[in-house]
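We use all heavy atoms of the structure for the numbers below, so side chains are in, but hydrogens, waters and symmetry mates are not. These numbers come from a predicted model, not from an experiment. By convention in this document, chain letters (A, B, ...) are assigned in the order of the sequence lines, proteins followed by strands, and residues within each chain are numbered from 1.
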There are 2 protein chains.
Amino acid sequence: MPRKVAVVAGGLSYFSKARRDKTQEELAAEAARMALFDNNINLSKDDIDGTIVSYFSDHFENQLLFGSIIQDYLGFNPKPSVRIEGGGATGGLAVRDAYAHVASGLLDVAMVIGFEKMSEVNTAKGNEFIALASDTDWDFPIGGFYSGYYALMAKRHMEEFGTTEEQMAMVAVKNRNNAQHNKFAQTNPKMNPYAMKDGGKITVDDVLKSPYVAFPLKRLDICLMSDGAAVMILASEEKAKKITDTPIWITGTGAGTDAMRAGDRPRTLAGVPMLPHEKKEWYKGLEYPGVHSFRAGRESARQAYKMAGITNPLKQLDLIELHDAYTSSEIQTYEDLGLTKYGQGGKLIEEGVTALDGDLPVNPSGGLIGAMHAVGATGVMQGVEMFWQLQGVAGKFHGSDKTQIKGAERGLIHSHAGTGNLCNGYYNGEVKEMTEVYSFDPLIIKTPYEITYKHSYGKTTKFFTSLSDGKLMATRCDHCKQTFLPPRSDCPYCLRETKWVQISGKGRIHTFTTLYFSGEKFLKDLPFQLVYVELEGVDTLFLTRLKTKDMKRVKVGMKIKMKISREPEWRSSDIWAEPDE
Amino acid sequence: MPRKVAVVAGGLSYFSKARRDKTQEELAAEAARMALFDNNINLSKDDIDGTIVSYFSDHFENQLLFGSIIQDYLGFNPKPSVRIEGGGATGGLAVRDAYAHVASGLLDVAMVIGFEKMSEVNTAKGNEFIALASDTDWDFPIGGFYSGYYALMAKRHMEEFGTTEEQMAMVAVKNRNNAQHNKFAQTNPKMNPYAMKDGGKITVDDVLKSPYVAFPLKRLDICLMSDGAAVMILASEEKAKKITDTPIWITGTGAGTDAMRAGDRPRTLAGVPMLPHEKKEWYKGLEYPGVHSFRAGRESARQAYKMAGITNPLKQLDLIELHDAYTSSEIQTYEDLGLTKYGQGGKLIEEGVTALDGDLPVNPSGGLIGAMHAVGATGVMQGVEMFWQLQGVAGKFHGSDKTQIKGAERGLIHSHAGTGNLCNGYYNGEVKEMTEVYSFDPLIIKTPYEITYKHSYGKTTKFFTSLSDGKLMATRCDHCKQTFLPPRSDCPYCLRETKWVQISGKGRIHTFTTLYFSGEKFLKDLPFQLVYVELEGVDTLFLTRLKTKDMKRVKVGMKIKMKISREPEWRSSDIWAEPDE
């Protein structure tokens, strides 16, 4: 039997679009001090046996091995430390890793330190960095932008299940307005001295009137991009009982993955991983996992429910903090966490089930849309929030009693990313300096950085060289009877080598979006259209640009034909779709 | 009691300066196939419960979240996966994390997948990326280059303990010549089709005649920079016994850290973490941890020995695979692993103790100097090597019986990085294409990438603004009676806020080096000198440039004075040392 593991303390920094008053190390110290000194615990800094450090990408500060700097800055040398990374799910995976370290006996008391400082680059470059977490050979070069990828998912979800833009707007209103009672939240100018000045409460109408970023997603449908830090302390059963009278036990954990290129998900091969209360007949005929679904989240929920003995999440859980990178993804996540039948998430928000006073409040903190998304800190923030909620002290820390879920005994935190599911922060095109809270003017330096990459396409080279002959090639595994585009040299099902086959390039639109904003590299192309296409003879979906003068005619199911550039640059942008009807 | 954990399979790719014949995903598949299909195990791919993915930096391929791509490519969706990162120690930390996942019960069978493709940027840019894993506010701007940092350590080690350049050369000869019996090794042109053509055996004289990179380190003292992948499979006791008749048990694991800025190490406060066979009186008067020592490695050894019941490593271990980023660091590591009394590592290599036919062979594979250093794969490669050695099948995999340590029953693998201890690959200024092994010409594209960072110095701002007044400022914790330069806003010992104090800028040289090569950014400045200085009234050492016309006069202990630029650019390079005697 692995050892029982409890959470015994939590701490947060104030979150902001740009915390230029402090370096990243200083922000981590802000959260660590709260965890160590403000949680009414019997624990000194020396009692920490090691740390798990959580941040997303070296790109945001051009500082590699930042985990070592934080470990040193907080004075934890020579104790063990490890950095965990998993895109938007980085923080949640770090909490899971700390669980593994304590449950296995490697550490008795572990500190999880999550942080990110995203303000060192402008918003468009930040979006571009996040988009570098999509496949840079295939999905990124055509105009990669996470809001675009999520818009494609959202449009398909609307098409299949009737989800509406109004329902999405309700999610934004719920989370943003919850955040107005949480002093750490970036959208809360009344309580957070580092908040956005144009934060505050919003209405469904505000969301619907906010400009499109990527149809059908609008500015207020999209989460924040933040600077900040979050810290949790976990302990073994023996230690936890000495540290606090009210340890919060971790009773289950799960993790899942799916294809980063959402078009590669095996829509017809894999089926729906079933949750305990679900019935197989609910999902007959459903293509799953497709671009509308989060199999990774579902699989992780399946594992965690099993471990914790949860057989009906809607009834047994008292609250959830989930990864609301987009209003649409909160709705999708309701479905993959099993809060409602798959496809019915829109109705759940409409019925108020997930409101602060609903049956199962979701994101009382304000979530990523209302409170923060400093990527490496996000999952840890959720853990801290859940810890305070279950201890019944959320009001004390938030500075307002309104967010405390009365009598909460069992909660779920949900981190999300991996495999094509990443958040894109979008808010405030320009950083606003918040000098009124600085006691000095921090020194800010500009540093340009240049790199030239020399990238080999390896065994997928043939795809590109065939373009010169006007041929579109894919790869096929005869053993598994699957044809892949983008091509794969090795079959993911059996690891056998694949063979090349020519395809016609004819197909149909599976889902579409129009982009009005993007990563820095593609700003010059705006607006433009992205589509997933179903190609004849190919089992995966293919992400590409759609070029048409009449965007209004575009609909799901429309016939298209792939075109090839006469002057290939050896990028996936050498091919695109045009209407064929 | 945590569950017992065994290694049950291993696989490697061929290593090379540039494996342009395959993408990173395809290299991972090469190693994964060997692990799954060539280890005589009763295990199918579907039996893997999850993966631990190991790579060092997004910078090398400008692809974020590469772990998800590998997970997908190898067909492990929707199973759990997490990425581990810790600089040069990334691979070793990933193996430890897999141990924690299995011991805690989260996974029964785990695959560790380590990889790195370092050839997409030129060697000087690669060195610069590695140097971005030093503090970019302080150590990097003055000419950051890992060979320089290690040269400073090596010079201090020579000064304190009488270590010689000849002893260092013996390490290079041992490791490089061991590699000539390992078909995967990058320096083995007879057996590895992707090897360096100027590889092969070397002599002490070859090493001593090779050009200085950073005095006292020469080209042949320095490890490789590689493309490649390594895969291990770990399993719980119950599963392991079904998978193989010869599981190799993991009986201990440890991890440690130290200050990345080696000058910040608490030379007089911390003392030497004692290993079981050591006596306190051995180390009276020794400043430890200083720039010559690896407290992180020592602390990790202490933990692992304790867990495994090792009381005398030299006698109880049959072989070691350790992180020989430099010949000097192999010698330093002998001491911190307790193979000899601290400071006596040079004699150990001289006496042949660590030779292939010595009492305790070190790096039979060839190590990082002879075999490979594809950062994220390195620690995993060591794990694979140890697994094959203890199974007695190293000869079969290596293609030569000469490396198999007869009757080996107990071995140690040692990963190294974190906190200022990173390897710098240096070999072959230019990539050599190895077209004779390609069955096609892979397509190689060039992609320039530009970023402008806007970095805030936060609460350390005062250091820089004071330079305009000609003042050098440090921070002090009155409670802990420690003065820090670089300044820290928060005391690492007590987490209290520090206060500013002015310092004189007078001091002495603690150790020095001259750089003849560097990261791309600093090539224009070559050659130049770096020093650690002991400054009056400051408890940490400070890394800076030394400007002098008479480099020959420079010696440890020489008086210096810090100078301040009249036109500060707000970088740590605004100040430097000049001789003051």
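Checking side-chain atoms of A:Gln71 against main-chain N and O of B:Ala259 turns up no donor-acceptor pair under 3.5 Å. Put simply, the side chain of A:Glu85 never gets that close to the backbone of B:Glu85: no donor and acceptor are under 3.5 Å apart. Side-chain N or O atoms of A:Glu26 include one that pairs as donor or acceptor with a backbone N or O of B:Lys459 at under 3.5 Å. In this structure a side-chain-to-backbone donor-acceptor pair under 3.5 Å is missing from B:Lys125 to A:Tyr453.
Heavy-atom minimum distance, B:Ser456 versus A:Arg20: OG-O, 2.6 Å. Closest non-hydrogen pair, A:His59 versus B:Asn62, comes out as NE2-OD1, 2.7 Å. When all heavy atoms are compared, the tightest approach of A:Ala32 to B:Leu495 is CB-CD1, 4.5 Å. Closest approach of A:Ile445 and B:Tyr457 over heavy atoms only: CD1-OH, 3.3 Å. Heavy atoms only, all atoms of each residue included: B:Leu106 and A:Ala100 are closest at CD1-CB, 3.9 Å. Among all heavy-atom pairs drawn from A:Thr257 and B:Pro80, the shortest one is CG2-C, 4.3 Å.
In terms of heavy-atom pairs under 4.5 angstrom with chain A, the leader among B:Phe37, B:Phe76, B:Tyr99 is B:Tyr99. Of all the listed residues (A:Gly105, A:Ala94, A:Pro266, A:Ser57), the one sharing the greatest number of non-hydrogen pairs under 4.5 Å with chain B is A:Ser57. When A:Lys45, A:Arg33, A:Glu299 are compared by the number of non-hydrogen pairs under 4.5 Å with chain B, A:Arg33 comes out ahead. By number of non-hydrogen pairs under 4.5 angstrom with chain B, the leading residue of A:Gln303, A:Arg488, A:Gln24, A:Glu569 is A:Arg488. Annotation: maximal heavy-atom pairing with chain B below 4.5 Å, among A:Thr452, A:Thr136, A:Val5, A:Leu132, occurs at A:Leu132. Counting heavy-atom pairs under 4.5 Å between each of A:Lys117, A:His101, A:Glu520, A:Arg571 and chain B puts A:Arg571 at the top. Highest contact tally toward chain B, considering only A:Ser44, A:Cys491, A:Ser104, A:Ser81, is held by A:Ser104 [criterion: heavy-atom pairs under 4.5 Å]. Most heavy-atom pairs under 4.5 Å with chain A, from the set B:Glu25, B:Arg96, B:Lys462, B:Met307: that is B:Arg96.
A 4.5 Å side-chain heavy-atom check between B:Phe294 and A:Pro78 finds every atom pair outside the cut-off.
Neither the backbone nor the side chain of B:Asp46 comes within contact range of chain A; no heavy atoms are under 4.5 Å apart. With a 4.5 angstrom heavy-atom cutoff, B:Phe129 touches chain A via backbone and side-chain atoms both. Neither the backbone nor the side chain of B:Leu27 comes within less than 4.5 Å of any heavy atom in chain A. Heavy atoms closer than 4.5 Å to chain A are found nowhere in B:Phe66, neither backbone nor side chain. Looking at A:Phe140, there are no atoms closer than 4.5 Å to chain B (heavy atoms on both sides), in backbone or side chain. In this structure, chain A has a heavy atom under 4.5 Å from the side chain of B:Tyr55, while its backbone stays farther away.
The CG atom of A:Asn77 sits 9.5 Å away from atom CG of B:Asp264, with the distance rounded to the nearest 0.5 Å. With values rounded to the nearest 0.5 angstrom, A:Ile84 atom CD1 is found 8.0 Å from B:Ile52 atom CD1. The CG atom of A:Asp72 lies 9.0 Å from the CG atom of B:Asp135; values are rounded to the nearest 0.5 Å.
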*asked:* Run A:Phe56 and B:Leu64 through side chain to side chain contact (heavy atoms under 4.5 Å, CB included) and show every step you take.
replied: CA-CA 9 Å; A:Phe56 166 42; B:Leu64 277 54; 3.6 Å; yes
*Step by step, would you call B:Glu120 with A:Ile451 a side chain to side chain contact (heavy atoms under 4.5 Å, CB included)?*
CA-CA 10 Å; B:Glu120 295 209 354; A:Ile451 312 159; over 6 Å; no
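Taking the charged nitrogens against the carboxylate oxygens, A:Lys22 and B:Asp490 have no contact shorter than 4.0 Å, which rules out a salt bridge.
Between the side chains of A:Tyr449 and B:Glu128, at least one donor-acceptor pair of N or O atoms lies under 3.5 Å.
For B:Asp49, the side chain to side chain contact (heavy atoms under 4.5 Å, CB included) partners are B:Leu107, B:Asp108, B:Val109, not counting sequence neighbours. By the side chain to side chain donor-acceptor pair (under 3.5 Å) test, B:Gln482 pairs with no residue at all, sequence neighbours left out.
More than 12 heavy-atom neighbours from other residues, nucleotides or ligands sit within 6.0 angstrom of NZ on B:Lys79.
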